[in-house]
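Order of the sequence lines fixes the chain letters, A, B, ..., with proteins taken first and strands second; residue numbering starts at 1 for each chain.
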Amino acid sequence: MTALDTTNNALLQGFRTQQIADRAFRGLTFLCAIIVLLTLGAILVALAWGSLPAFRAFHFDFFTRSVWNPVTVQFGAVAAIYGTLTTSAIAILIGVPVSFGIALFLSELAPLWLRRPIGTAIELLAAVPSIIYGMWGLFVFAPFFSQHYQPWMSAYLGPIPVIGQLFQGPPLGIGIFTAGVILAIMIVPFISSVIRDVFQTVPAVMRESAYSIGCSTWEVVWNILLPYTRTSIIGAIMLGLGRALGETMAVTFVIGNAHKISASLFMPGATISSTIANEFTEAVGDVYYSSLIALGLTLFVVTMAVLTLAKLMLLRLELRLRG
Amino acid sequence: MFKGFSLVAFLCAAILSIASASAATISGAGATFPYPIYAKWADAYKEKTGVALNYQSIGSGGGIKQIKDKTVDFGASDMPLKPDDLDKAGLVQFPMVMGGVVPVINVKGINAGDMKLTPQILADIYLGKITKWNDAAITKLNPNLTLPDATINVVHRSDGSGTSFIFTHYLSQVSPEWQSKVGENTSVEWPVGVGGKGNEGVAAYTKQLDGSIGYVEYAYALQNKLANTLLQNSAGTFVAPSSESFQAAAANADWEHAPGLYLLLTNQPGEKSWPITGATYILMYKSQDKPDIGAEVLKFFNWSYLNGGDMAAELNYVPMPKAVIELVRGLWSKEIKGSDGKPIFDATVADGEK
């Protein structure tokens with residue numbers, strides 16, 4: 001009798017400690033998750049607090065003016081926002097189709113023995129520090145681009161009405177367009193390796209049934225792979241876009257750093273992060289310093305807005321397809 | 001290998017700190033331009049005295065901020081503080097070492113020292129008023145050069161820097177239009193051109209863009225073998241950048257009558273003076289809370305003034321002229337005092353001890 005009691009007690013004890021451990025573990029993971037939220041909130045508050053003097057001086061004008069003059073202490077974010085959005089747009093326009101091709105080739109078309117080496121090479125490309133891209137862009141790509149491609153683009157794309165303006169101007173090799181190209185190269189590894197991975201999650205049965213009823217590779221990709229992996233692909237593009245919006249060093253090297261909005265993509269410009277990287281160390285005076293922090297806040301908001309917009313688009317797509 | 005090295009370094013440091021109780025670390029922060037020479041001086045000084053210098057080259061703006069927050073023993077800035085600001089903050093400043101800013105060009109067939117420029121032409125190029133290399137103003141001044149019908153690509157610094165401050169200050173002095181339209185600062189709103197990050201960035205852009213003009217520290221022009229121009233100084237002569245012409249500018253400057261030693265060496269009188277010369281400054285508190293450490297700082301700078309000239313020249317910096325050094329050493333005992341009102345360091349007494 002007593003022997004049974006003790007075993008029961010021991011069992012009960014065991015349950016209790018297990019319960020406590022479970023609860024402690026849950027608390028711990030919750031803490032980890034909440035730390036992220038707290039940090040995000042703290043950053044936002046610190047940025048908002050730091051940018052108060054700038055907003056007090058310029059009010060909403062900060063977001064409508066393109067002037068950036070440390071001498072007369074007049075600052076506006078428009079040129080930097082324009083540069084950030086334009087370079088990221090160029091990066092996405094070039095980067096997404098290329099990444100798509102890479103992923104398609106690796107998951108569908110490449111012979112098996114080739115998949116692993118190319119896949120590894122792409123992952124290695126993702127690990128290259130951004131300053132290396134910047135130096136390569138400045139010392140290798142920019143001179144090459146200005147001598148071989150830029151004159152050609154100016155000659156053939158320049159005369160086209162409306163969009164031709166984007167490709168006119170002196171072949172400097174550095175500027176908004178070059179920054180966009182470098183960003184494209186930087187985000188390709190991220191986007192392509194994610195897309196390749198999600199392509200591989202498509203069940204073989206679906207692929208094989210499509211092929212068995214006589215679909216071409218293109219039809220399989222368009223009608224089977226894409227609809228099945230749509231959400232993840234948009235997620236991958238967002239990952240790349242997020243990186244392009246915030247990239248600092250590589251862009252600073254090749255964008256030419258002029259606080260101007262030019263019609264031509266070949267002219268120098270500036271992004272939010274490149275401006276901060278360039279000027280933060282020597283920013284003397286409250287308003288100047290605070291304007292740079294306000295730029296940081298702007299980047300924070302722009303990035304959030306772009307990502308939210310993407311999420312909303314995704315949601316609408318989902319609803320439309322379901323309904 | 002690094003492990004072994006750091007272990008040895010650690011042991012050395014430990015032994016040193018035991019051996020001499022007075023061995024201390026002095027800390028400073030600020031300008032990036034003089035960092036190499038401060039590091040070199042600090043190395044040699046540590047070997048001699050055991051006193052180490054911890055210098056963070058975070059930029060002049062950061063240096064001013066840190067000394068005002070009293071997180072460092074001295075601040076360093078390429079842009080001297082105006083006498084009013086200096087008094088308000090209770091600081092003293094003195095020039096430590098000099099350098100020259102040099103216009104460099106990349107035009108096919110034109111070598112270093114071939115092209116003459118006047119201050120007016122330089123300002124007009126940076127204002128975007130002269131846009132071609134064969135502009136009448138340039139060809140008239142350089143009749144023996146064949147200049148191409150090419151666009152001038154203007155290159156400037158993209159980051160805030162003392163170099164830009166010295167350069168824009170010079171342009172403001174020689175061109176009223178520059179002064180009213182652009183002005184002077186560590187970074188300004190450039191009317192034209194592309195911005196390179198750091199001296200190395202400007203050097204790289206200038207090298208790559210055909211028909212470009214930029215401005216860099218003298219040492220970078222030498223290292224990158226960029227073609228410098230001759231520049232007309234305030235006496236009307238065309239001078240080449242060199243240690244001698246930088247020193248001439250400093251020697252001709254009137255330091256004695258400059259309150260707070262606030263003196264910018266641009267456009268100085270004298271036939272041999274290079275017009276775009278600048279000194280980099282040290283900032284310290286007049287009233288030292290910790291006189292021992294303040295004295296250590298001054299001892300270091302005193303030693304550097306007296307023994308560091310050759311080291312500075314090796315790195316293409318220009319040592320301060322003798323007269324200026326004597327002036328500064330006199331200023332220390334007059335102005336930098338402990339909380340008891342006594343000077344914390346007397347340079348003449350220190351000489352006697354040697």
Side-chain angles (χ1 to χ4, degrees), chain A residues 66-76 79 131 134-135 137-147 169-176 178 248-260 262 266-270 274-286 288-289 292, chain B residues 29-32 56-65 68 77-79 81 85 131 150-165 168 172 179-198 200-202 204-205 207-212:
Chain A
S66 67
V67 61
W68 190 266
N69 191 337
V71 180
T72 54
V73 202
Q74 293 298 318
F75 301 103
I131 189 137
M135 285 164 66
L138 175 58
F139 291 111
V140 183
F141 180 75
F144 183 75
F145 183 61
S146 76
Q147 279 161 25
L172 294 174
I174 43 187
I176 297 248
T178 309
T248 311
M249 274 333 283
V251 172
T252 308
F253 269 70
V254 295
I255 198 167
N257 302 301
H259 289 285
K260 280 197 193 74
S262 312
F266 289 167
M267 294 303 279
S274 76
T275 306
I276 299 175
N278 272 321
E279 298 181 17
F280 202 71
T281 47
E282 299 274 344
V284 186
D286 280 348
Y288 189 7
Y289 188 78
L292 288 171
Chain B
T32 47
Q56 309 155 30
S57 59
I58 54 172
S60 301
I64 294 170
K65 209 168 271 166
K68 282 187 176 168
S77 171
D78 289 337
M79 179 162 80
L81 289 181
D85 297 337
T131 57
T151 311
I152 302 179
N153 286 316
V154 173
V155 184
H156 53 74
R157 286 282 288 267
S158 64
D159 48 336
S161 82
T163 312
S164 288
F165 172 71
T168 54
S172 293
Q179 190 170 26
S180 65
K181 272 194 183 161
V182 185
E184 60 193 65
N185 205 333
T186 50
S187 55
V188 299
E189 191 173 31
W190 298 95
V192 286
V194 296
K197 187 163 165 52
E200 60 280 6
V202 173
Y205 280 0
K207 260 186 167 171
Q208 278 174 22
L209 301 175
D210 277 333
S212 58

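In this structure, chain A has no heavy atom under 4.5 Å from any part of B:Lys207. Only the side chain of B:Leu209 comes within contact range of chain A, with heavy atoms under 4.5 Å apart. Neither the backbone nor the side chain of B:Val155 comes within contact range of chain A; no heavy atoms are under 4.5 Å apart. Residue contact with chain B, scored on non-hydrogen atoms closer than 4.5 Å, involves the side chain of A:Met249 exclusively. Contacts of A:Ala277 with chain B are made by backbone atoms alone, with heavy-atom separations under 4.5 Å and no side-chain atom involved. Heavy-atom distances place the backbone of A:Val254, and not its side chain, under 4.5 Å from chain B. Proximity to chain A is absent for every atom of B:Thr168, based on heavy atoms less than 4.5 angstrom apart.
A donor-acceptor distance shorter than 3.5 angstrom exists from the side chain of B:Gln208 to the backbone of A:Leu138, with no hydrogens or angles considered. Side-chain N or O atoms of B:Lys197 include none that pairs as donor or acceptor with a backbone N or O of A:Ser274 at under 3.5 Å.
Put simply, of B:Ser60, B:Ala31, B:Gly183, the one with the most heavy-atom pairs under 4.5 Å next to chain A is B:Ser60. Contact tally against chain B (heavy-atom pairs below 4.5 Å) for A:Gly256, A:Gly175, A:Pro143: the top residue is A:Gly256. Chain B forms more heavy-atom pairs under 4.5 Å with one residue of A:His259, A:Lys260, A:Met267 than with any other, namely A:Lys260.
Within the model, atoms CG of A:Leu172 and OH of B:Tyr205 stand 9.5 Å from one another, a figure rounded to the nearest 0.5 Å. Taking CG of A:Asn257 as the reference point, atom CG of B:Asp159 lies at 8.5 Å (rounded to 0.5 Å). For the atom pair CG (B:Asp210) and OG (A:Ser146), the distance works out to 8.0 Å, reported to the nearest 0.5 Å.
Contacts of B:Lys68 classified as salt bridge (charged side-chain N to carboxylate O under 4.0 Å, His left out), with partners at least two apart in sequence or in another chain: none.
Shortest non-hydrogen contact noted between A:Asn278 and B:Ser158 is OD1-OG, 2.9 Å. B:Gly193 and A:Ala258 get closest at one heavy-atom pair: O-CB, 3.9 Å.
Counting heavy-atom neighbours within 6.0 Å of B:Asp85 CG, excluding the residue itself, gives a total above 12.
Evaluation of the salt bridge (Lys or Arg N to Asp or Glu O under 4.0 Å) test over residues 182-191 of chain B, restricted to residues two or more places apart or in two chains, returns none.
Looking only at atom types and distance, the side chain of A:Tyr288 has a donor-acceptor partner in the side chain of B:Ser187 under 3.5 Å away.
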